[in-house]
Amino acid sequence: MLLELKQNGSELSGTFKSPGFSLPVNGTAQGTHVTLFVAKHPDRPFLQADLVNGNLQGMRGRHTFNATPAGPNDDLPTVAYIAPPAIQPVPWNGLAKTPPMGWNSWNLFADKVDDATVRTMADAMVSSGMRDAGYVYINIDDTWEGVRDAQGNIQSNHKFPDMKALADYVHSKGLKLGIYSSPGPRTCAGYPGSYGHEEQDAKTLAAWGIDYLKYDWCSASTVYQEKDLQAVYQKMGAALRATGRPIVFSLCEYGLGNVGSWGPQVSGNLWRTTGDIRDAWSSMIGNIEEQVPTAQYAGPGHWNDPDMLEIGNGHMTDDEYRTHMSLWALTAAPLLAGNDLRSMSEATKSILMNHEVLAVDQDTLGKQASPVKNGTMETWVKPLADGGVAVGVVNLGGAAATATIAQTDLPLHGTVKKARNLWTHADVKFANGSYSAEIPSHATLLLKVSTR
Ligand code: GLA
């Protein structure tokens with residue numbers, strides 16, 4: 001990581017270079033305390049740190065941050081430029097007919113993930129009932145990568161002594177194993193990426209028995225431009241296809257380059273529409289709002305991804321986590337749990353494994369709901385394959401308020417025959433063409449309504 005800062009009085013400006021992407025930052029220095037922001041999130045500190053004995057120590061999001069004064073070797077490795085391929089659509093791999101469901105290591109463990117942890121998480125996926133609820137992918141995020149051997153084959157590092165054996169173990173539980181890489185020379189956490197080794201890495205992953213690849217732009221931004229995104233992702237999409245193994249292809253490019261318009265052509269099954277989620281109401285709501293303009297691009301085989309779930313990680317209320325789940329289901333978002341499956345509270349289990357809500361997410365029509373705002377209430381309507389609709393009313397305000405759902409606001413023909421509250425599992429009645437209920441602050445009323 002490299003942080004280049006200029007100080008002008010208490011004002012700071014500069015660039016944060018993770019050995020991955022490069023971000024302009026601005027902020028303040030008050031005494032020895034430094035707070036930095038990125039332009040996209042002026043209300044949320046990107047980094048907070050203190051100058052201690054010449055080192056900058058603090059937190060970047062939930063990660064500890066420790067920077068020593070720059071030395072000559074701290075910058076990115078120099079790599080030879082490899083021109084991206086000509087655009088040539090890669091056929092759909094036939095996967096992800098409904099949004100992928102599973103677990104990913106990043107939100108909870110970041111760089112602390114290892115083989116033993118992944119095995120216990122696979123065990124818990126089964127014993128908790130998560131697998132049977134539909135969560136099948138166990139995804140290892142960044143920091144598994146070791147050095148390349150003399151032939152250039154990527155090897156896992158000491159935390160993952162035998163990736164093939166781990167995949168066999170995960171498969172023996174009726175689960176699938178996912179992994180992570182970058183089209184750049186380095187991943188976001190600074191480990192080797194697949195740059196210049198795309199075909200070779202795809203073959204290695206297939207030989208290990210990998211079922212899912214999250215491919216994170218990161219340091220590709222130091223080699224390529226935004227206009228190259230499609231070609232760069234196509235290279236790995238084609239390489240995965242050439243292996244003959246069904247591997248879900250997850251594009252992680254933070255919503256850059258209108259990804260939905262070309263994602264299916266690189267055989268992408270899901271693509272990020274936002275920056276990284278944090279376990280905070282403002283972050284979760286911010287991500288889902290950013291997902292709104294992408295609705296037209298969601299459909300069977302390819303999904304908009306507002307990032308992984310934070311449900312159960314402890315910094316939102318259960319009402320807020322139910323809203324998180326409701327919104328991800330209404331927008332047909334991939335459901336990748338990011339919590340500790342080994343120690344889930346009953347509330348967390350009931351949120352992640354609410355079968356009626358999961359059915360909304362997994363609906364085969366694959367429509368992404370769009371919101372209509374009315375004061376502090378936001379109503380999201382998702383047409384379903386059986387002709388009914390899922391409707392969610394989110395109370396974004398700070399106090400409880402009454403919401404009314406009018407039948408005339410729903411894309412339904414005929415009169416409402418059945419309406420069901422998917423969180424309380426109780427049928428409710430539409431009287432005179434509408435239904436009203438009080439919604440606590442930050443909670444969501446989620447109904448399935450049908451005329452049959
Ligand atoms: C980026 C991604 C995250 C995670 C980290 C890993 O920030 O957006 O989801 O994969 O990299 O370094």
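As the structure lists them, so they are numbered: ligands from 1, and atoms in each ligand from 1.
- Looking only at atom types and distance, the side chain of T120 has no donor-acceptor partner in the side chain of D123 under 3.5 Å away.
- For a threshold of 3.5 Å applied to N or O pairs, the pair formed by D307 and ligand 1 contains no separation below that value.
- Using 4.0 Å as the threshold, D141 has a heavy atom nearer than that to some atom of ligand 1.
- For ligand 1 and C252, the ligand atoms under 4.0 Å from any heavy atom of the residue are 2 (C), 8 (O).
- Against a heavy-atom cut-off of under 4.0 Å, R272 is close to the following atoms of ligand 1: 8 (O), 9 (O).
- Ligand-side atoms of ligand 1 in range of Y254: 8 (O), range being under 4.0 angstrom from any heavy atom.
- Between atom CG of residue N339 and atom CG of residue L352 there is a gap of 5.5 Å, rounded to the nearest 0.5 Å.
- Between the side chains of D201 and Y195, not a single donor N or O lies within less than 3.5 Å of an accepting N or O.
- Proximity of T187 to ligand 1, defined as any heavy-atom pair under 4.0 Å, is not found for any part of the residue.
- Only one option out of R241, K203, K235 pairs with E198 in a salt bridge (charged side-chain N to carboxylate O under 4.0 Å, His left out); it is K235.
- When each of D216, D141, D142 is checked for a side-chain hydrogen bond (donor to acceptor under 3.5 Å, both in side chains) with T187, only D142 meets the rule.
- Between the side chains of D111 and T143, no donor-acceptor pair of N or O atoms lies under 3.5 Å.
- Proximity annotation for atom 9 (O) of ligand 1: of R186, E253, K214, K214 comes nearest, heavy atoms only.
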